[in-house]
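Each chain gets a letter, A, B and so on, in the order its sequence line appears, and its residues count up from 1.
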Number of protein chains: 2
Amino acid sequence: MSVSYDSYKVFYVTATEGSFTAAAQALFVTQPSVTHAIKTLENELGCRLFVRSRGGVELTREGSVLLKYVKTACENIIEAEEVLNQLKKLETGEISIGANETTLHNCLLPQLAKYHAKYPGIRLKINNNSTPAILSQLEDGKLDCAVLVVPKGFHKEDLVVEPLSDQTYMMIAGMGFRELSARTQSLRQLEKYPLVGFCEETISRKEMEAWFAQHQAVYRPDIELATADLIVPVVVANLGIGLVPSAFTEEALAEGKIFRIRIRERLFVQDICLIYAKDKPHPLCMNELLEQIRSIRQVSPQPKSRKGSPS
Amino acid sequence: MSVSYDSYKVFYVTATEGSFTAAAQALFVTQPSVTHAIKTLENELGCRLFVRSRGGVELTREGSVLLKYVKTACENIIEAEEVLNQLKKLETGEISIGANETTLHNCLLPQLAKYHAKYPGIRLKINNNSTPAILSQLEDGKLDCAVLVVPKGFHKEDLVVEPLSDQTYMMIAGMGFRELSARTQSLRQLEKYPLVGFCEETISRKEMEAWFAQHQAVYRPDIELATADLIVPVVVANLGIGLVPSAFTEEALAEGKIFRIRIRERLFVQDICLIYAKDKPHPLCMNELLEQIRSIRQVSPQPKSRKGSPS
DNA sequence: TGTGATCCATAAATTTCATCTATGTATGAG
DNA sequence: CTCATACATAGATGAAATTTATGGATCACA
């Protein structure tokens with residue numbers, strides 16, 4: 001009833017080689033095998049495809065028509081096999097990665113650079129978006145993995161969440177608030193100072209509000225910024241005191257433009273996590289990238305074991 | 001070593017159906033068969049193609065990449081089979097036909113019209129060229145068949161020559177030469193009249209020269225024309241007497257513009273033959289056309305049986 | 001005018017491997 | 001808890017692809 005696709009392969013090779021014998025060699029089979037395959041194909045298709053003659057075979061008119069299609073078919077298969085081999089050798093591929101600004105600059109970019117140097121053929125698509133958006137894209141399979149700042153103990157069905165390191169925060173002030181450097185402050189004491197912080201849409205904002213509330217204080221920034229990297233410059237300009245990820249403070253601290261305010265309360269801390277879909281297939285090239293990202297993992301005290309966290 | 005192309009077909013159907021079970025139904029095999037085929041393919045390719053899950057299977061990243069190529073491959077095969085079926089049903093196809101002006105108008109066109117009415121999908125390419133050019137194109141496979149005026153007994157290695165009918169000639173004159181109508185003339189007697197005939201390149205010209213010479217006369221037209229259909233009008237204009245294929249004379253004879261000169265000698269006659277390559281493959285749609293053309297064949301006395309001529 | 005080389009066809013034996021039957025496992029739905 | 005559905009597995013079976021061996025036709029070359 002239905003024609004075996006292997007026959008078409010034999011047909012294609014025979015047509016390009018120009019003889020049954022040559023085709024047999026190319027296919028690593030014997031000549032009678034090719035003869036038989038073509039004869040079968042001709043019977044199934046109901047028309048002659050080759051004219052046998054001395055020195056080889058020649059396509060009939062119908063054979064030529066058939067070849068036109070079978071040729072592109074076979075070429076596609078051959079190309080498919082090549083591309084698949086490249087995929088396996090990590091010579092090509094594509095990974096979509098989600099990240100926050102914070103994690104992108106502080107964790108991801110150096111690792112991506114190393115990975116890209118090792119596997120230059122693999123396209124890296126970086127998606128810098130809000131944390132909730134990235135999480136839903138991970139679940140939808142629109143992103144392959146992400147490195148995000150999430151609350152301590154964060155977990156989600158469908159997602160593997162591997163903590164990489166703490167995202168520590170620091171309360172800082174510019175030299176206009178020099179009086180705060182003298183001694184340890186409590187959060188309530190700091191409430192009377194103008195605050196530089198995140199705007200309302202972010203997850204971190206909500207967490208900070210909770211953290212402040214936990215210590216009988218209120219987080220209500222006088223200046224709200226959309227991205228973390230803007231806080232330090234604003235603090236340097238003495239527009240207020242700020243609670244920022246430690247990673248952003250190093251340069252300004254070293255230059256003496258800001259100083260750290262010691263806090264009585266245990267400091268606000270988040271997790272930087274590597275996240276990816278639990279039961280979805282990953283591109284082959286992603287395992288290497290995951291390993292690369294995991295290499296920055298720092299052992300930190302974990303209150304309880306977390307799902308998906310490797311030993 | 002090499003992957004069976006049948007596996008790719010199974011892969012394609014499975015990917016489009018979305019489950020092994022559905023693919024099995026579509027392929028008229030059992031589900032374990034599909035399971036096995038895909039597993040084998042995955043092993044041979046060295047990577048997982050589907051994620052098995054509740055309710056069916058889902059392509060992995062690599063599977064998606066593979067599908068992109070395999071899809072066009074399979075679609076080409078399917079299209080190939082469709083086109084081939086059309087070819088077999090004579091719904092499509094192409095025939096290249098050679099002809100002389102004489103045969104084109106008198107034999108071929110009516111038959112081609114009938115054929116085309118019956119098989120409108122088949123393209124007919126008509127090549128109106130010189131006889132030697134057409135013969136060599138037949139041998140090169142550039143033409144599929146031809147209807148030509150050739151010398152009696154014409155034959156050629158590699159070519160099948162089937163006589164269809166005689167190409168009879170007629171000596172005619174316009175009313176300016178009314179005196180010739182009185183009685184039968186010999187060729188020699190006619191030599192003193194101006195002659196309208198073929199120009200030197202044609203085969204017929206050479207044959208006529210031979211025929212004249214055979215009867216102790218010389219064929220040297222005072223007016224030379226490239227095509228036969230021009231002779232009658234020139235004769236009507238009383239520029240000379242002419243030897244032309246009978247087919248061209250009917251209209252002018254009926255209108256009394258010319259008359260026939262009776263000739264003592266046996267009249268010059270040629271063969272109208274259907275000619276095609278002997279050992280070359282023919283398009284499927286050609287057999288019907290050959291039959292159509294043969295239908296005009298007239299039984300004529302054959303001095304000896306000719307090769308390729310059916311009973 | 002043989003002779004060897006080349007290429008396709010054929011026949012019979014062999015072996016492969018694709019497929020089937022039967023059954024198991026997992027997982028939602030009602 | 002049971003049913004329905006989908007994929008996995010194992011062993012048996014048989015169709016068919018392949019091989020070996022051989023023959024015939026054609027062509028180049030001496």
* Sub-6.0 Å ring centroid separation between A:Y8 and A:Y12 ->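 That pair fails the under 6.0 Å test.
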In whole angstroms, how far is the [atom2] atom of [N] from the [atom1] atom of [X]?
{"X": "B:F50", "N": "D:dA6", "atom1": "CZ", "atom2": "P", "value": "16 Å"}
{"X": "A:E42", "N": "C:dC8", "atom1": "CD", "atom2": "C1'", "value": "12 Å"}
{"X": "B:L27", "N": "C:dC20", "atom1": "CG", "atom2": "P", "value": "10 Å"}
{"X": "A:R48", "N": "C:dC8", "atom1": "CZ", "atom2": "P", "value": "13 Å"}
{"X": "A:Q25", "N": "C:dC8", "atom1": "CD", "atom2": "P", "value": "10 Å"}
{"X": "B:D6", "N": "C:dA18", "atom1": "CG", "atom2": "P", "value": "9 Å"}
{"X": "A:F28", "N": "D:dT19", "atom1": "CZ", "atom2": "P", "value": "12 Å"}
{"X": "A:I38", "N": "D:dT18", "atom1": "CD1", "atom2": "P", "value": "12 Å"}

Do the charged groups of [X] and [Y] touch, with an N to O distance under 4.0 Å?
{"X": "A:K152", "Y": "A:D271", "answer": "yes"}
{"X": "A:E62", "Y": "A:K68", "answer": "no"}
{"X": "B:R52", "Y": "B:E42", "answer": "yes"}

* Answer yes or no: is there a side-chain heavy-atom contact under 4.5 Å between A:H282 and A:D144? =>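 No - every pair of side-chain heavy atoms lies 4.5 Å or more apart.
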Under 4.0 Å: is that the gap between some side-chain N or O of [X] and OP1 or OP2 of [N]?
{"X": "B:K39", "N": "D:dT9", "result": "yes"}
{"X": "B:T30", "N": "C:dT19", "result": "no"}
{"X": "A:T21", "N": "C:dC8", "result": "yes"}
{"X": "A:S19", "N": "C:dC7", "result": "no"}
{"X": "B:S33", "N": "C:dA18", "result": "no"}

* Asked: Per the end-axis method with five pairs at each terminus, what is the bend angle of the helix from C:dT1-D:dA30 to C:dG30-D:dC1, to 10°?
  ->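 End-to-end axis angle: 30°.
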* B:R54 (side chain) and C:dT27 (base): donor-acceptor pair under 3.5 Å ->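 Answer yes: a donor N or O sits under 3.5 Å from an acceptor.
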* Please state whether the base of D:dA8 and the side chain of B:Q31 form at least one donor-acceptor pair under 3.5 Å? =>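 Answer yes: a donor N or O sits under 3.5 Å from an acceptor.
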* Asked: Between the side chains of B:Y276 and B:E162, is a donor N or O closer than 3.5 angstrom to an acceptor N or O?
  ->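 The criterion, which ignores hydrogens and geometry beyond distance, is satisfied for B:E162 and B:Y276.
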Throw together a table of side-chain donor-acceptor distances under 3.5 angstrom for residues 33-41 of chain B, partners on residues two or more places apart or in other chains.
{"residue": "B:T35", "atom": "OG1", "partner": "B:Q31", "partner atom": "O", "Å": "3.2"}
{"residue": "B:T35", "atom": "OG1", "partner": "B:Q31", "partner atom": "NE2", "Å": "2.9"}
{"residue": "B:T40", "atom": "OG1", "partner": "B:H36", "partner atom": "O", "Å": "2.8"}

* Asked: More 5' along DNA chain D: B:G56 or A:V10, using each one's nearest nucleotide?
  ->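 Whichever sits nearer the 5' end wins; that is B:G56.
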* **A:H36 vs B:P32, nearer the 5' end of DNA chain C by closest nucleotide** =>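 Looking at the nearest nucleotide for each, A:H36 comes out on the 5' side.
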* To do: Enter the distance from B:L124:CG to B:S96:OG here, rounded to the nearest 0.5 Å.
  =>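 Separation between the atoms: 9.5 Å.
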* To do: Answer with base, sugar-phosphate or nothing: what part of the nucleic acid does B:V34 contact at a heavy-atom distance below 4.0 Å?
  =>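 No contact at all - B:V34 keeps every heavy atom at 4.0 Å or more from the nucleic acid.
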